[in-house]
Amino acid sequence: QVQVVESGGGSVQAGGSLRLSCAASDSDEIGYPYMAWFRQAPGKEREGVACIAHTSIAGHYADSVRDRFTISTDKANNTLYLQMNDLKPEDTGMYYCARGGRYSSGCLRVELYPYWGQGTQVTVSS
């Protein structure tokens, strides 16, 4: 059973930074190589933020976060990161890590990922 655990959320003022981390167990069972961050604000659908293949250094980003967020991986420790800079109030939400995904006309769709963490809250005040 693959377990996914996020950490690093918190409360910051607009313009601040946070770094999220995502650890996963049983890497041999994860399967497909894509990993991603999603977020969900109250009353809204979960949306893709950034995704990356396990062996890649180049991520794919939602337009709303491109040039502010950076997704990266530590392959040795099977850890996924999301560096978030210049945070805005509209970035507020629960951030979820997703693992074991595949690429199908992109890698930022919820249905592509079988393994999910419980989420970590990010709150940005103006």
Side-chain angles (χ1 to χ4, degrees):
Q1 182 73 18
V2 177
Q3 294 184 332
V4 180
V5 180
E6 306 96 335
S7 61
S11 297
V12 296
Q13 291 190 328
S17 298
L18 284 172
R19 188 191 196 203
L20 306 183
S21 299
C22 170
S25 65
D26 297 323
S27 58
D28 290 342
E29 298 185 19
I30 287 180
Y32 289 106
Y34 276 84
M35 302 176 276
W37 290 97
F38 289 77
R39 68 185 180 189
Q40 188 167 19
K44 295 188 176 181
E45 292 187 354
R46 193 169 298 189
E47 63 173 354
V49 174
C51 55
I52 190 170
H54 180 67
T55 56
S56 176
I57 59 172
H60 305 265
Y61 298 92
D63 289 342
S64 59
V65 306
R66 188 172 291 115
D67 299 327
R68 298 189 297 121
F69 290 11
T70 302
I71 190 170
S72 63
T73 66
D74 180 342
K75 299 174 184 57
N77 294 311
N78 195 27
T79 301
L80 178 69
Y81 300 101
L82 185 69
Q83 177 66 44
M84 306 185 293
N85 298 328
D86 190 22
L87 283 160
K88 303 177 180 182
E90 51 264 41
D91 294 318
T92 293
M94 187 71 78
Y95 281 68
Y96 297 91
C97 175
R99 308 291 286 263
R102 56 187 175 89
Y103 190 93
S104 177
S105 300
C107 52
L108 283 175
R109 301 204 315 272
V110 169
E111 61 268 28
L112 296 175
Y113 294 88
Y115 304 115
W116 293 81
Q118 294 299 306
T120 184
Q121 178 69 35
V122 171
T123 303
V124 184
S125 58
S126 58

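Residue numbers start at 1 and run along the sequence shown.
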- Item | Sub-4.5 Å side-chain heavy-atom contact between Gln121 and Thr92 | yes

- How close do Gln83 and Ser17 get, heavy atom to heavy atom, and via which atoms? NE2-CB, 4.0 Å

- Message: Looking at every heavy atom in both Thr120 and Ser7, which two are closest together, and how far apart are they?
- Response: OG1-C, 4.3 Å

- Task: Kindly say whether Ser125 contributes a backbone atom to a donor-acceptor pair with the side chain of Gln13 at under 3.5 angstrom?
- Result: no

- If you link ILVMFWY side chains whenever their heavy atoms are less than 4.5 Å apart, which other residues fall into the same cluster as Met84? By chain and number, please. Val12, Leu18, Leu20, Met35, Trp37, Val49, Ile52, Tyr61, Val65, Phe69, Ile71, Leu80, Leu82, Leu87, Tyr95, Val122, Val124

- Query: Counting heavy atoms not belonging to Lys75, are there more than 12 under 6.0 Å from its NZ?
  - Reply: yes

- Message: Looking at Gly93, is its backbone amide N or carbonyl O close enough to the side chain of Gln40 to form a donor-acceptor pair, meaning the two atoms are under 3.5 Å apart?
- Response: no

- d(Phe38 CZ, Arg109 CZ) to nearest 0.5 Å is 9.5 Å

- For Arg99 and Cys97, the nearest pair of non-hydrogen atoms, with its separation, is CD-SG, 3.7 Å

- Task: Can you see which heavy atom on Gly106 is nearest to which on Leu112, and at what distance?
- Result: O-CD1, 3.5 Å

- Message: Other residues, nucleotides and ligands only: do more than 12 of their heavy atoms fall within 6.0 Å of CD on Glu111?
- Response: yes

- Can you find a pair of side-chain heavy atoms, one from Tyr113 and one from Tyr34, that are under 4.5 Å apart? yes

- Provide the closest heavy-atom pair for Asn77 versus Asp74 in the form atom of the first, atom of the second, distance. ND2-OD2, 2.8 Å

- Item | Charged N-O contact under 4.0 Å between Asp63 and Arg66 | yes

- Note on the structure: All heavy atoms of Ala14 vs all of Pro89, minimum pair found to be CB-CD, 4.1 Å

- Item | Non-neighbouring partners of Tyr96 that pass ring-ring contact (aromatic ring centres under 6.0 Å, His included), sequence neighbours left out | none

- Message: Just checking Gln118: does its CD atom have more than 12 heavy atoms from other residues, nucleotides or ligands closer to it than 6.0 angstrom?
- Response: no

